[in-house]
Amino acid sequence: MKRSIQNVSAALASVVAFFVSTTVGTEIPPPTGRYHIGRRKYDIPFLNTEDLFAPGNVSTSFIATVWYPTLQEPCEPATPYLDPAVAALWEPAADQTAGTLSNLTSHVQPGAPPAPAPRDGQAGLFPTLLFGPGGTGPPTEAYTILISELVSRGYVVAGLDHPYEQPFVRYPNGTGVYGPPVNYTLSSEEANLLYEMRIKDNVHFVGVWPDLVAELDAPWATAKLGAFGHSIGGAAAAGTARLIARETLASTLNMDGTFLDATNDSATADIHRPTMLLGQDGHDADDGDLSWEIFPAAQTGWWRTMFVNGTAHLDFSDWTFWKTLGGKPLGTIDGARMVDVTREFVTAFFNYTILGQEEGVLTSPGPVWPEVSVYDGSDE
Ligand SMILES: *[C@@H]1O[C@H](CO)[C@@H](O)[C@H](O)[C@H]1NC(C)=O
Ligand SMILES: *[C@@H]1O[C@H](CO)[C@@H](O)[C@H](O)[C@H]1NC(C)=O
Ligand SMILES: *[C@@H]1O[C@H](CO)[C@@H](O)[C@H](O)[C@H]1NC(C)=O
Ligand SMILES: *[C@@H]1O[C@H](CO)[C@@H](O)[C@H](O)[C@H]1NC(C)=O
Ligand SMILES: *[C@@H]1O[C@H](CO)[C@@H](O)[C@H](O)[C@H]1NC(C)=O
Ligand SMILES: *[C@@H]1O[C@H](CO)[C@@H](O)[C@H](O)[C@H]1NC(C)=O
Ligand SMILES: *[C@@H]1O[C@H](CO)[C@@H](O)[C@H](O)[C@H]1NC(C)=O
């Protein structure tokens, strides 16, 4: 009798499992903090008549995707993780079977109501971080795993995507725009132009952010911002700091991006505020990138360089999780582990530089993070 009940419940369980896997799909690693994740997209008007990629070199706006804490519980079914057009471009590029990325889901909630002002945080506001993705892709949504974690810990993150520069972006009104192919390789001249364009976008966005926040009446910080990014987006975070007062932009973090132009010149690279470099092992001189020696050496403020053993350039995006599903291997580090590493060290950096928490792992990763090595001014 007992046995047959077990058989019935086992059969029921497999029906439920089948139902869940076909209607909901595989979820990306969920965030671990206390807040749920809201997301809204904005078209930010901004005339650029020297746009590297836009038709006729003229662009009139860029896209800001704002991710923010919400108290609203996510409902089933979960939302698709990537825009279908983005997934379709990166599945072949990542050597993934068609459907692998487009089937993934997240619990990001488009349009959810923003959480009310936090009791802790920065003067009763959620601190805001600016994010820049890699040059010519992947776009901000391919950093959902890291961004969601920061938001779940009480940060607002504004990711900026530049139409025509990214292989694909979708405006808030639903219109999609294709740019260069996913495997496009920037010349060094183009990389410099793109870097300047990103800095212009960042500076403009920081200028209009207070108006946007006032319009939304959201409890989001408009001063003491942090900026971070991957590749050119990370370099542009540091480059932006040169143009914006420390009171407005308090700290920057560059994930594996080569510093360019003034941030790669010892006379002008000092940004006079805390800064961190988080990159693949040997990104500095071993890898032939002198900028990772020139930039930190020029800093008069707090800085850290952290190398993560076994990583490649794209392990600093969600691609590191994609590799757990097959496809291109990137670095040898386990993708699930790399998700934890990036989440921990990026959060710790902004907790320290924006919220004034202890340095913790930024000074001593300890036996918990054996793959991370740390350098600061005392190691020169
Ligand atoms: C204008 O666009 C062309 C490609 O259409 C590009 O080669 C050129 O560098 C762009 N000019 C500027 C100033 O970005
Ligand atoms: C994606 O989901 C569809 C519909 O559930 C399914 O038929 C397909 O096998 C899935 N593809 C992959 C690669 O998971
Ligand atoms: C959507 O917005 C973009 C950017 O502002 C604009 O270029 C495009 O024409 C709009 N599409 C529609 C259908 O209104
Ligand atoms: C880029 O991808 C396209 C389409 O898959 C391919 O035809 C082309 O050869 C690739 N270019 C490079 C430089 O890999
Ligand atoms: C950074 O500056 C060094 C020294 O001037 C130079 O050798 C190197 O090529 C520069 N790197 C880049 C990416 O411009
Ligand atoms: C960062 O601060 C948040 C909020 O206080 C906390 O939940 C989280 O554990 C901290 N993370 C790290 C890595 O310090
Ligand atoms: C770095 O990773 C390699 C494998 O990729 C491993 O053999 C080596 O022991 C690691 N080194 C450290 C310091 O963790």
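Ligands are counted one by one from 1 in listed order, and the atoms in each one are counted from 1 as well.
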Handout entry: Atom-level proximity to ligand 7, residues with heavy atom under 4.0 Å
Key = Asn309, Thr332
Problem - Check: Tyr35/Gln72 side-chain N/O donor and acceptor closer than 3.5 Å - result: no
Exercise for the section: Flag yes if more than 12 heavy atoms outside Glu50 fall under 6.0 Å of its CD atom; otherwise flag no. Expected result: no
Problem - Contacts of type side-chain hydrogen bond (donor to acceptor under 3.5 Å, both in side chains), residue Asp83, not counting sequence neighbours - result: Arg170
Practice task
Would you please name every residue forming a side-chain hydrogen bond (donor to acceptor under 3.5 Å, both in side chains) with Thr175, sequence neighbours left out?
Solution key: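 With neighbours one apart ignored, the set is Asn173.
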Exercise for the section: Take Tyr171 and Ser61 through the test side chain to side chain contact (heavy atoms under 4.5 Å, CB included) and record every step on the way to the result. Expected result: CA-CA 10 Å; Tyr171 288 110; Ser61 68; 3.7 Å; yes
Practice task
Over 60° means perpendicular and under 30° means parallel, so classify the ring planes of Trp209 and Trp220, tilted if in between.
Solution key: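 If you compare the ring of Trp220 with that of Trp209, the planes turn out parallel.
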Exercise for the section: Enumerate the atoms of ligand 3 whose separation from the nearest heavy atom of Asn173 is less than 4.0 angstrom. Expected result: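 Once the distances to Asn173 are compared, the set is 1 (C), 2 (O), 3 (C), 8 (C), 10 (C), 11 (N), 12 (C), 14 (O).
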Practice task
Could you say whether the N/O atoms of Thr175 and ligand 3 ever approach to under 3.5 Å?
Solution key: yes
Handout entry: Under the side-chain contact (heavy atoms from CB on, under 4.5 Å) test, residues paired with Pro55 that sit two or more places apart
Key = Tyr164
Practice task
Of the side chain and backbone of Leu52, name the one, both, or neither that has a heavy atom under 4.0 Å from an atom of ligand 1.
Solution key: both
